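One structure is given here, and the rest of the page talks about it.
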Number of protein chains: 2
Amino acid sequence: MGTQDVLDAYGIPVIPDPADAAGRKRRSITDAALAEFLAEGYSAASMDAITQRSGVSKATIYKHFGSKERLFLAVVGGVLAQSYADAEPADAALADIGHEAGAGSDSGTGTGTGTGTGRLRVALVRFTTDWARVLLRPDIMALRRLVIGEIDRFPQLGQLWYRVTYDRCNRPLVDALAALHDRGVLDVPDPELAARQLLATTVGVPQLVHTFAPGTEPDEDELARVAGSGVDLFLAGYGRK
Amino acid sequence: MGTQDVLDAYGIPVIPDPADAAGRKRRSITDAALAEFLAEGYSAASMDAITQRSGVSKATIYKHFGSKERLFLAVVGGVLAQSYADAEPADAALADIGHEAGAGSDSGTGTGTGTGTGRLRVALVRFTTDWARVLLRPDIMALRRLVIGEIDRFPQLGQLWYRVTYDRCNRPLVDALAALHDRGVLDVPDPELAARQLLATTVGVPQLVHTFAPGTEPDEDELARVAGSGVDLFLAGYGRK
DNA sequence: GTCTATACGGAGATAGAC
DNA sequence: GTCTATCTCCGTATAGAC
């Protein structure tokens, strides 16, 4: 009598799957919590506000996550793992670095401010630009600021952030550079350091600005200009002479 | 009657200057507040804890600073302005860049991984190493994390941090690079970008690690190695060909 | 100018009905 | 499993004596 209102296309009552209902509630909680934590930081964020944002009751939140600390870790940690899903295009550029390197016209000249148009240069610019586009997204920058600010209280998140970024971005680049070194395309005695330098000149340079200017979208033209110049610098230093 | 205990070298009682007493109290408040804010962040820091750390009463703190927000701004802003006092040696290195550049042996070759020992290279390594030593100091890194984490609530501090760093570190470097360009020592069409790139490869690279690994002292050898490699990269790209 | 004592609100977390 | 109502404590800020 009014307890089964929802009917499907055939008029058959739809009994909500309890598991799915719980999953949806859990999702609405984590969404609300993330928004609140990003807006207020950990300490200033209130469980009351998260309760109101999520639409569920406070007791339910505590049943699911136990405490504010655990909620924070679950939410931020979970988002971190998934945030780089949009960075897939960078993997394609990475494949370009490995496969087509050395087949271009003048990929190794690296004249500094010159306009070397080798395939390697294009691939490196594409790779770094893709990553910059992802890492400079306002939501990811905000998450980064949150993690950095709370790192004394939650060192695990700092470790996780660094590791995820490294595994997804640095490590593949290091491997690619090492391979290019072995094939004689580049002269990179320390691929580990070289990768960090390349990312610093391309991604790090605009990232520094956006770290202290919250909410600003990255400018595509500026991004391309910086990435191009950074890659030129890199190739000038590590190209075969 | 015991109210004038303090005597100077001639046995003359020293009446504490009320203004100085207030100044000392103000100083003990700001010291305590800084320690508390660094340890707990803005929101989690409690005025009670600052009261206990400082040794003065809570009412006195409010008489001096009005509110927690104003105390935070005064303390962090004040420290920012003075934190770079230790970076004076970098100015000396900067003078070296300007005065002795071009007089060295092979300052402009920039062989990438080569060991160019020109005076310019030495001066640039010195300049960047000095700055890295200062910017990577654990207390300054902690302050930086605090500012970044609270930037949504206190955008003024973000602006101030960026401006102070830029005025003291970037701008002089930009000017020096522009001068070297004009004298034909380097080929730097965009000194602004070039300075950011140089600082990214030398200071930014280790800074990124220490951002996510709080409390770790920078290793001198590693610092020198990174700075040297970064400067080589820079000279390879921007040296006259 | 500086202290003690306190007002007042909001925080995180839980008990118990359903 | 989920809600309403509540407990308890600690937060910022201030009033008033000295």
Side-chain angles (χ1 to χ4, degrees), chain A residues 1-6 14-37 39-76 150 153-154, chain B residues 1-4 15-76 150 153-154:
Chain A
M1 289 58 179
T3 60
Q4 300 174 351
D5 299 320
V6 183
V14 175
I15 312 295
D17 181 356
D20 258 32
R24 259 192 299 276
K25 279 198 192 294
R26 195 189 155 91
R27 178 58 190 271
S28 84
I29 293 171
T30 55
D31 285 352
L34 181 60
E36 173 76 3
F37 284 133
E40 303 295 334
Y42 173 74
S43 301
S46 88
M47 295 298 275
D48 282 348
I50 296 176
T51 297
Q52 287 183 290
R53 279 187 199 254
S54 68
V56 305
S57 82
K58 189 150 60 160
T60 301
I61 298 180
Y62 275 92
K63 285 287 179 192
H64 274 260
F65 295 94
S67 73
K68 188 185 179 182
E69 275 193 32
R70 293 183 46 135
L71 175 61
F72 184 70
L73 286 172
V75 168
V76 176
E150 300 295 341
R153 265 90 46 196
F154 301 96
Chain B
M1 289 90 173
T3 60
Q4 301 174 352
I15 312 296
D17 182 355
D20 259 31
R24 258 192 299 277
K25 278 200 193 295
R26 194 189 157 92
R27 178 58 190 272
S28 83
I29 292 171
T30 55
D31 285 351
L34 180 60
E36 173 75 4
F37 284 133
L38 284 179
E40 304 293 335
Y42 173 74
S43 301
S46 88
M47 297 297 275
D48 282 348
I50 296 176
T51 298
Q52 287 183 290
R53 280 186 198 253
S54 67
V56 307
S57 82
K58 190 150 56 163
T60 301
I61 299 180
Y62 276 93
K63 285 286 180 191
H64 275 259
F65 296 93
S67 72
K68 188 184 180 184
E69 273 194 34
R70 293 184 46 134
L71 176 60
F72 184 70
L73 286 171
V75 167
V76 176
E150 300 295 341
R153 264 86 50 194
F154 300 95

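A quick note: this is a predicted structure, and the numbers were derived from the prediction, not measured. Just so it is clear: chains get the letters A, B, ... in the order the sequence lines come, proteins before strands, and each one is counted from 1.
Of the residues in residues 39-55 of chain A, A45(A), S46(A), M47(A), D48(A) come within less than 4.0 Å of DNA chain C through at least one heavy atom, sorted by number.
Taking five base pairs at each end of the helix from dG1(C)-dC18(D) to dC18(C)-dG1(D), the local helix axes there meet at an angle of 10°, rounded to 10°.
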Shorter than 3.5 Å, N or O on both sides, protein versus nucleotides 14-18 of chain C: list them out with atom names.
none

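Using bins of under 30°, 30° to 60° and over 60° for the plane-to-plane angle, the ring pair F37(A)/F72(A) lands in the perpendicular bin.
Here the shortest heavy-atom pairing between I29(A) and I50(A) reads O-CG2, 4.4 Å. What you find for I61(B) and V56(B) is that their closest heavy atoms are CG1-CG2, 3.8 Å.
Every side-chain contact (heavy atoms from CB on, under 4.5 Å) that A44(B) has, sequence neighbours left out, goes to S43(A), E40(B).
For K68(B), the listed nucleotide lying nearest its side chain is dT12(D); candidates were dT2(C), dT12(D), dT2(D).
One finds no side-chain N or O of S57(B) lying less than 4.0 angstrom from the OP1 or OP2 phosphate oxygen of dT2(C). Remark: T60(B) is in phosphate contact with dC3(C), judged by side-chain N or O atoms under 4.0 Å from OP1 or OP2. Taking only side-chain nitrogens and oxygens, H64(A) comes nearer than 4.0 Å to OP1 or OP2 of dT2(D).
Across the protein-nucleic acid pair, F65(B) atom CZ and dA13(D) atom C1' stand 16 Å apart, rounded to whole Å. The CZ-P distance, from R26(B) to dG1(C), rounds to 12 Å in whole Å. Rounded to a whole Å, the CZ atom of F37(A) is 12 Å from the C1' atom of dG12(C). When the P atom of dT12(D) is taken as reference, atom CD of E69(B) falls 12 Å away, rounded to whole Å. Straight-line distance from the CD1 atom of I61(A) to the P atom of dC3(D): 9 Å, rounded to whole Å.
For the pair L71(A)/M47(A), a side-chain contact is recorded, criterion being any heavy-atom separation below 4.5 Å from C-beta on.
Judged by distance alone, with hydrogens and angles left aside, the side-chain atoms of R153(A) form a donor-acceptor pair with the main-chain N or O of A39(B) at under 3.5 Å.
Within the structure, side-chain hydrogen bond (donor to acceptor under 3.5 Å, both in side chains) contacts touching residues 60-74 of chain A (residues at least two apart or in different chains) are S57(A)-T60(A). Within the structure, salt bridge (charged side-chain N to carboxylate O under 4.0 Å, His left out) pairs that include any residue of residues 45-59 of chain B comprise E36(B)-R53(B), D48(B)-K58(B) (at least two apart or interchain).
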